[in-house]
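The first residue in the sequence is number 1, and the count goes up from there.
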Amino acid sequence: QVQLVESGGGLVQAGESLRLVCAASTRTFNTDVMGWFRQAPGKEREFVAAIGWSGGSTHYADSVKGRFAISRDNTRNTVYLQMTSLKPEDTAVYYCAAKPGGLVPTEAVRYNYWGQGTQVTVSS
């Protein structure tokens with residue numbers, strides 16, 4: 001049973017930063033691909049960032065490139081999303097996702113496991 005638990009969300013003003021944390025309970029974390037997605041009210045879930053098992057491969061949505069950074073600590077079974085220069089349009093529920101190794105996809109359907117999400121609200 002894989003469990004993903006996100007934390008770190010909150011209410012911030014535009015221009016501020018937040019760091020999201022996803023703690024994974026899985027024996028295969030060291031080989032899993034991890035991703036972050038988000039869903040705003042009335043919108044579809046969208047890709048934010050993803051990272052390969054070693055941390056050497058990362059992908060970002062164009063809307064967050066240069067502002068967000070994904071990283072992982074395989075000794076702690078944890079993946080992070082450092083968000084800087086936040087904008088009101090970044091407001092959404094952010095979800096952590098995992099899939100067994102291999103390629104680092106941007107499509108939500110490619111991920112097998114999901115967390116419950118953490119709310120990020122950016123005020124203008």
Peer 1: Between the main-chain N or O of Val122 and the side-chain N or O of Thr91, is there a donor-acceptor pair closer than 3.5 Å?
Peer 2: yes
Peer 1: So, using side-chain hydrogen bond (donor to acceptor under 3.5 Å, both in side chains) as the criterion, who are the partners of Asn30 when residues are at least two apart?
Peer 2: none
Peer 1: Name every donor-acceptor pair, under 3.5 Å, that has one atom in a side chain of residues 10-18 and the other anywhere in the protein, sequence neighbours excluded.
Peer 2:
from  : atom 1 : to    : atom 2 : distance (Å)
Glu16 : OE1    : Gln13 : N      : 3.0

Peer 1: Under the side-chain contact (heavy atoms from CB on, under 4.5 Å) rule, what do Leu81 and Arg38 come out as? Steps first, then yes or no, please.
Peer 2: CA-CA 12 Å; Leu81 184 68; Arg38 66 187 182 186; over 6 Å; no
Peer 1: Work out which heavy atom in Pro105 is nearest to a heavy atom in Phe47; give both atom names and the distance.
Peer 2: O-CE1, 4.0 Å
Peer 1: Regarding Thr121 and Gln119, do their side chains bring together a donor and an acceptor under 3.5 Å, going by distance alone?
Peer 2: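 Yes.
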Peer 1: Determine whether more than 12 heavy atoms belonging to other residues, nucleotides or ligands lie under 6.0 Å from atom CD of Glu46.
Peer 2: yes
Peer 1: Any donor and acceptor pair, going by atom type alone, linking the side chain of Arg72 with main-chain N or O of Phe29 inside 3.5 Å?
Peer 2: yes
Peer 1: Taking C-beta and beyond as the side chain, do Arg67 and Met83 meet within less than 4.5 Å on heavy atoms?
Peer 2: no
Peer 1: By side chain to side chain contact (heavy atoms under 4.5 Å, CB included), which residues pair with Val2, not counting sequence neighbours?
Peer 2: Leu4, Thr26, Tyr113
Peer 1: Treating Ile, Leu, Val, Met, Phe, Trp and Tyr as nodes and any side-chain heavy-atom pair under 4.5 angstrom as an edge, say whether Val104 and Trp114 lie in one connected cluster.
Peer 2: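 Yes, same cluster.
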Peer 1: Hey, could you give me each pair passing ring pair (Phe, Tyr, Trp, His ring centres under 6.0 Å) that has a residue in residues 51-77? Not counting sequence neighbours.
Peer 2: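 As it turns out, there is no ring pair (Phe, Tyr, Trp, His ring centres under 6.0 Å) pair with a partner in residues 51-77 once direct neighbours are skipped.
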Peer 1: Do you know the tightest heavy-atom contact between Ala40 and Ala92?
Peer 2: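 In this case the closest contact between Ala40 and Ala92 is N-CB, 3.8 Å.
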Peer 1: Before accepting this row, confirm whether a basic side-chain N of the pair Lys87/Asp90 lies closer than 4.0 Å to the acidic partner's carboxylate O.
Peer 2: no
Peer 1: Taking everything shown except Arg45 itself, do over 12 heavy atoms lie less than 6.0 Å from its CZ?
Peer 2: yes
Peer 1: For residues 75-107, pull every pair meeting ring pair (Phe, Tyr, Trp, His ring centres under 6.0 Å), keeping only residues two or more places apart or in separate chains.
Peer 2: none
Peer 1: Is the closest side-chain heavy-atom distance between Trp36 and Cys96 below 4.5 Å?
Peer 2: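 The answer is yes; the side chains approach within 4.5 Å.
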Peer 1: In this structure, would Leu86 and Val64 fall into the same cluster of hydrophobic residues linked by side-chain contacts under 4.5 Å?
Peer 2: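 Same hydrophobic cluster.
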Peer 1: Among Val79, Thr118, Ile70, Val48, which residue satisfies the side chain to side chain contact (heavy atoms under 4.5 Å, CB included) criterion with Leu20?
Peer 2: Thr118
Peer 1: Are the side chain of Gln116 and the backbone N or O of Glu6 linked by a donor-acceptor pair below 3.5 Å?
Peer 2: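 Between the backbone of Glu6 and the side chain of Gln116 there is no qualifying donor-acceptor contact (under 3.5 Å).
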Peer 1: Which distance, rounded to the nearest 0.5 Å, do you find between the CD of Gln3 and the CG of Asn77?
Peer 2: 12.5 Å
Peer 1: More than 12 non-hydrogen atoms from neighbouring residues, nucleotides or ligands closer than 6.0 Å to CD on Glu44, yes or no?
Peer 2: no
Peer 1: Arg19: which residues meet the side-chain hydrogen bond (donor to acceptor under 3.5 Å, both in side chains) condition with it, sequence neighbours left out?
Peer 2: none
Peer 1: Could you tell me if the side chain of Thr28 sits less than 4.5 Å from the side chain of Pro100, heavy atoms only?
Peer 2: no
